[in-house]
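Data first, discussion second: the structure below is written as structure tokens.
First listed ligand is number 1; within each ligand, the first listed atom is number 1. As a basis for the values below, the full set of heavy atoms in this structure was taken, side chains included, without hydrogen atoms, waters or symmetry mates.
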Amino acid sequence: MKNNLLIIPCYNEEEVLLHTYEKIKDLYNELIAKKVLDPKSKICFVDDGSKDKTWEIIMNLSDQEPMVQGIKLSRNFGHQAALIAGLETKFGKFDTYISIDADLQDDITVIGKMISEAENGMSIVYGVRDERKSDSFFKRSTAKSFYNLMGFLGADTVYNHADFRLIDNNALRELLRFQERNLFLRGIVPMVGFNNSVVSYNRTKREYGTTKYPLKKMLAFAWEGITSLSFKPLHLILYIGIVMFAISCVILVWATVVLLMGRVIPGWFSVIFPSTFFGGIQMLSIGVIGEYIGKIYNEVKSRPRYIVEREL
Ligand code: UDP
Ligand code: MG
């Protein structure tokens with residue numbers, strides 16, 4: 001029997017926490033009764049600098065319920081940092097760790113399956129969404145384009161897997177050696193390797209509260225993923241550069257021929273167009289390189305990825 005820690009990042013989740021806890025408690029009790037789960041299993045809420053009553057609720061729960069643990073980050077560090085904070089703080093204390101969002105849009109009934117998979121020797125078990133009927137059309141299509149773009153740019157991720165996954169203590173030890181600040185867990189977990197498998201489920205609607213991933217955060221997250229996993233944007237710049245150089249050679253030859261034939265070089269278009277065009281391409285390329293330099297800057301500073309203020 002495995003003892004499992006469920007890690008739940010929470011940012012302004014006061015509306016959902018109690019519902020979430022009740023559902024998980026029922027599931028845990030059921031799994032413990034069925035002897036799938038060790039009774040020493042726990043639930044750890046990581047408060048990612050919430051501005052509402054999230055932390056008060058976590059404190060009350062941990063006072064009353066022996067199953068509940070809590071970690072409070074000193075400010076909002078973001079979803080990924082909250083997850084790694086939970087994993088790193090609790091490393092070595094459990095056999096397996098399962099991360100899941102506070103709104104329980106991911107089907108908790110597959111947790112039993114995940115643990116059975118771990119029992120069968122899987123170190124990592126990915127939760128994969130079968131379909132996303134419950135998400136809005138906008139969310140669905142942006143998420144799909146995101147996976148496609150990531151794939152095109154050479155960043156390998158498990159399709160339709162978010163951060164609902166099981167990882168055992170051995171794989172976690174290795175995951176924690178990935179010391180990047182530009183953290184995109186669903187991209188680096190597959191790099192850890194070990195035996196792994198997939199369980200699929202249907203994702204449901206968020207029942208309480210609202211999404212903590214507005215479009216702006218989603219785009220930032222997508223960019224984080226691409227830049228943390230792939231150098232392809234840099235390669236693309238090289239290809240564009242080569243093509244542009246070839247085109248400019250052709251233009252040069254053409255201009256020379258026109259000149260030798262004694263005709264006048266056509267007017268301002270031939271000057272203005274290339275200069276703005278190439279200028280634009282160059283600015284864009286420098287911008288992309290700048291993005292990477294920004295990331296390197298962040299990495300070399302080695303700032304803490306999160307700061308724990310209190311642990312319950
Ligand atoms: N979250 C977090 N920090 C943040 C944003 C989100 O810890 O800065 C948590 C949030 O509380 C939730 C999970 O990350 O448990 C996923 O967020 P949400 O369900 O709002 O995202 P969506 O399902 O809409 O993509
Ligand atoms: Mg959600």
Look at atom 1 (N) of ligand 1 and say which protein heavy atom is nearest, naming residue and atom and giving the distance to 0.1 Å.
Y11 CB, 3.8 Å

State whether the side chain of D48 and the backbone N or O of P9 hold a donor-acceptor pair below 3.5 Å, judged by distance alone.
no

Hey, are E291 and K295 close enough for a salt bridge, meaning a charged N less than 4.0 Å from a carboxylate O?
no

for atom 17 (O) of ligand 1, nearest protein heavy atom and its distance come out as Y213 CD1, 3.7 Å

Test side chain to side chain contact (heavy atoms under 4.5 Å, CB included) applied to L104 and D101, I100, D107, the passing residue:
I100

Measure from the side-chain N and O atoms of Y28 to the backbone N and O of K42, and report whether any donor-acceptor pair falls under 3.5 Å.
yes

Residue, atom and distance of the protein heavy atom nearest atom 4 (C) of ligand 1 read D48 OD2, 3.4 Å

May I ask you to say whether K72 pairs ionically with E311, meaning some side-chain N is under 4.0 Å from a carboxylate O?
no

Out of K212, K217, H79, E13, whose heavy atom is nearest to atom 12 (C) of ligand 1?
E13

Please work out, at 4.0 Å between heavy atoms, whether the side chain, the backbone, both, or neither of P9 comes within that distance of ligand 1.
both

Is any NZ, NE, NH1 or NH2 atom of the basic residue among E56 and K53 found under 4.0 Å from an Asp or Glu carboxylate oxygen of the other?
no

Select one of side chain, backbone, both or neither to describe which atoms of D101 lie under 4.0 Å from any atom of ligand 1, heavy atoms only.
both

Go through ligand 1 atom by atom and flag the ones less than 4.0 Å from a non-hydrogen atom of D103.
19 (O), 23 (O)

Is the closest heavy-atom distance from Q80 to ligand 1 below 4.0 Å?
no

Please confirm whether A82 comes within less than 3.5 Å of ligand 1 when only nitrogen or oxygen atoms on both sides are compared.
no

Should you measure from each heavy atom of R203, which atoms of ligand 1 turn up under 4.0 Å away?
22 (P), 23 (O)

By side-chain contact (heavy atoms from CB on, under 4.5 Å), I188 pairs with (sequence neighbours left out) L175, F178, E180, L183, L185, M191, L229

Identity and separation of the nearest protein heavy atom to atom 24 (O) of ligand 1:
T211 OG1, 2.5 Å

Protein contact of atom 25 (O) of ligand 1 - nearest heavy atom, named by residue and atom, plus distance:
K139 NZ, 2.9 Å

When you check the space around the Mg ion (ligand 2), which protein N, O or S atoms turn up under 2.8 Å?
D103 OD2, Q105 OE1

Out of Y213, F184, Y11, which one pairs with H79 under the ring pair (Phe, Tyr, Trp, His ring centres under 6.0 Å) rule?
Y213

Would F77 and Y306 count as a close aromatic pair, with their ring centres under 6.0 Å?
no

State if M218 counts as touching ligand 1 under the rule of any non-hydrogen atom under 4.0 Å.
no

Which atoms of ligand 1 sit under 4.0 Å from any heavy atom of N76?
3 (N), 4 (C), 8 (O)

What I want to know is whether Q105 and ligand 1 share at least one N or O pair that is separated by under 3.5 angstrom.
yes

Using a strict 4.0 Å cut-off to heavy atoms of R206, name the atoms of ligand 1 that fall inside it.
18 (P), 19 (O), 20 (O)

When you measure from the side chain of K93 to the backbone of T89, do you find a donor-acceptor pair of N or O atoms at a distance under 3.5 Å?
yes

Do R206 and E15 meet the salt-bridge criterion of a basic N to acidic O distance under 4.0 Å?
no

Only residue of L166, I7, I167 satisfying side chain to side chain contact (heavy atoms under 4.5 Å, CB included) with I98 is L166

Is the terminal nitrogen or CZ of R203 (NZ for Lys, CZ for Arg) located under 6.0 angstrom from the six-membered ring centre of Y201 and within 45° of that ring's axis?
no

Check: N3 main-chain N/O paired with D95 side-chain donor or acceptor under 3.5 Å:
yes

